[in-house]
Structure formats: structure tokens, C-alpha cells
Engineer: 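I am attaching a structure below and will ask some questions about it afterwards.
Remember, it's 1-based here, ligands and their atoms both numbered in the order they're listed.
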Amino acid sequence: MILDTDNFTQKLLEEKALVEKELATVARRNPENKNDWEPTPNIDERPVERDEVAEKLESFEENIAIARRLEAQLAEVNTALDAIKSGSYGKCSVCGNEIESARLDANPSATTCKAHMK
Ligand SMILES: [Zn+2]
């Protein structure tokens, strides 16, 4: 099976741009390490009430959770892009078999075949 890697590269780059855009709303990129994102606190104003402090901390925790999830997604996309470059794209990381093309179509950063889906 020959994969249309150009097509997948395109899809992955689109997904990457989208994830980075979302990440930028909850985190900022570390200027020294482009792959490292630091969740940004929402505490920019001095809170007046105690409740406000709790509320802001809570939303910061949400930002951290969202940032972690998006960072993991970004890492998967980058792994897939590296695999395309090195020619190992589309192989299951568990059994080494080719990943079903329908699965890659649905999720271009998939690293396992259907049988080894997490
Ligand atoms: Zn497998």
C-alpha cells in the first residue's frame, strides 16, 4: 500500500496550526523552546473579593488542563510529521503492521492500527 503522504502532511499541518491557535488562548510559547507551552494565569487584575480569587484560580486550573491536552495532541501531530519525513509513517507502533487508511483518514496522527487503538 502506498500512502499519499502529501495529503497527510497537509492535513497534519492544518491540524498543527489549529492546535497552536487554540493553545495560544490558554498558554504562551516558551521563547527558548518552541515545543514548550506555559499555561497563562488569568490573574491579571487584583481581585477584590475572596470568591473572585477562587474563581480565577479555578479557571487557571482549567487552562492548565486544556493546555496539557492540546500539548499532547500537538506532540502526536509532530510525531506523525517526523514519521512522514523518516518514512515510517502509517505503521502501527505496537505490531508494526500498516495502519488502515480509513483510520489515518479519520485521524492522521494515529500511531496504532485499529486492533491496537487506545
Ligand atoms: Zn497494531
Engineer: Hydrophobic side-chain clustering at under 4.5 Å (ILVMFWY, transitive links): who's grouped with Trp37? Put none if nobody.
Structural biologist: Val19, Leu23, Val26, Ile66, Leu70, Leu74

Engineer: Quick check for you: to the nearest 0.5 Å, what is the distance between Leu12 atom CG and Glu76 atom CD?
Structural biologist: 10.5 Å

Engineer: Do NZ/NE/NH1/NH2 and the carboxylate oxygens of Glu71 and Arg68 come within less than 4.0 Å?
Structural biologist: yes

Engineer: Which pairs, with at least one residue in residues 65-93 and sequence neighbours excluded, count as a ring pair (Phe, Tyr, Trp, His ring centres under 6.0 Å)?
Structural biologist: Phe8-Tyr89

Engineer: Got a second to check how far Thr112's OG1 is from Met117's CE, nearest 0.5 Å?
Structural biologist: 7.0 Å

Engineer: Could you pull out the N/O/S protein atoms under 2.8 Å of the Zn ion (ligand 1), ignoring any water?
Structural biologist: Cys92 SG, Cys95 SG, Cys113 SG, His116 ND1

Engineer: Could you pull out all residues at least two apart from Arg29 that satisfy salt bridge (Lys or Arg N to Asp or Glu O under 4.0 Å)?
Structural biologist: Glu20

